[in-house]
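First the structure, in the form of structure tokens, and then the observations on it.
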Amino acid sequence: MDLLLHTHRMSSARFYGVLRWYQLNILPYYVRNENRTDGSIITFVDIAQRTNDIKKQEKLMAEHTLLLETIAHDLKNQILGISLSLQPLTKRSRL
């Protein structure tokens, strides 16, 4: 097996007052012909843009949810008003 250990960890760091997010990857350095590990490889991947995009998407989804709930509420009120105004007319037609 080439990879014995693969971990992901997200952490943040502050540089010059700006918060940046990084993904930490730790992989073993595996020597195949000797069938052993000889150290580890640690990489940091800047995921700040990805986290910012996720936050923007979450904000947009919350705004759209609020808009749809408002529209549904307004439509229900209009339909209720119409149905209440039609009730006397339907009662008269039955008489």
Side-chain angles (χ1 to χ4, degrees):
M1 176 180 225
D2 292 339
L3 301 176
L4 299 176
L5 171 70
H6 187 210
T7 62
H8 292 288
R9 181 177 175 196
M10 291 196 284
S11 60
S12 62
R14 194 172 289 278
F15 297 104
Y16 304 106
V18 177
L19 184 66
R20 304 291 297 184
W21 284 92
Y22 293 91
Q23 177 178 319
L24 170 69
N25 299 317
I26 302 173
L27 299 165
Y29 185 76
Y30 190 73
V31 182
R32 281 191 199 180
N33 55 0
E34 297 177 14
N35 197 24
R36 66 179 178 88
T37 58
D38 190 25
S40 58
I41 301 169
I42 299 173
T43 59
F44 294 90
V45 179
D46 185 359
I47 58 169
Q49 184 63 43
R50 193 179 327 164
T51 56
N52 289 338
D53 290 344
I54 289 171
K55 288 178 185 176
K56 287 178 186 176
Q57 287 177 351
E58 288 172 349
K59 183 180 176 186
L60 281 173
M61 287 175 57
E63 290 173 357
H64 285 123
T65 300
L66 178 63
L67 176 65
L68 290 174
E69 288 173 352
T70 303
I71 290 171
H73 181 265
D74 290 347
L75 284 175
K76 285 180 185 177
N77 285 341
Q78 295 297 324
I79 292 171
L80 179 63
I82 292 170
S83 66
L84 289 176
S85 63
L86 289 177
Q87 280 181 356
L89 295 176
T90 56
K91 287 181 183 177
R92 285 183 194 162
S93 64
R94 290 183 192 159
L95 297 175

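Separation of atoms CD1 (Ile82) and CG (Asn77) is listed at 11.0 Å; rounding is to 0.5 Å. Between the CG atom in Asn25 and the OG1 atom in Thr43 there is a gap of 4.0 Å [rounded to 0.5 Å]. To the nearest 0.5 Å, the span separating CE on Met61 from CG on Leu68 amounts to 11.0 Å.
Atom CD of Gln78 has 12 or fewer heavy atoms from other residues, nucleotides or ligands within 6.0 Å.
Follow the hydrophobic side-chain contacts under 4.5 Å out from Leu84 and you never reach Leu75; the two are in separate clusters. Clustering ILVMFWY residues whenever any of their side-chain heavy atoms sit less than 4.5 angstrom apart, transitively, puts Ile54 in a cluster other than the one holding Tyr22.
When only modelled atom types and interatomic distance are considered, Asp53 and Gln49 share a side-chain donor-acceptor pair under 3.5 Å.
A heavy-atom distance below 4.5 Å is not found between the side chains of Tyr30 and Asp38.
Looking at His73, its side chain never comes within 3.5 Å of a backbone N or O of Glu69 through a donor-acceptor pair.
Remark: Glu34 pairs with Val31, Arg36 by the side chain to side chain contact (heavy atoms under 4.5 Å, CB included) rule, at least two apart or across chains. In this structure, Ile79 has no side chain to side chain contact (heavy atoms under 4.5 Å, CB included) partners at least two apart in sequence or on a different chain.
Nearest heavy atoms, Thr51 versus Trp21: OG1-CD1, 3.5 Å. Residues Leu24 and Phe44 approach most closely at CD1-CE2, 3.5 Å, considering heavy atoms.
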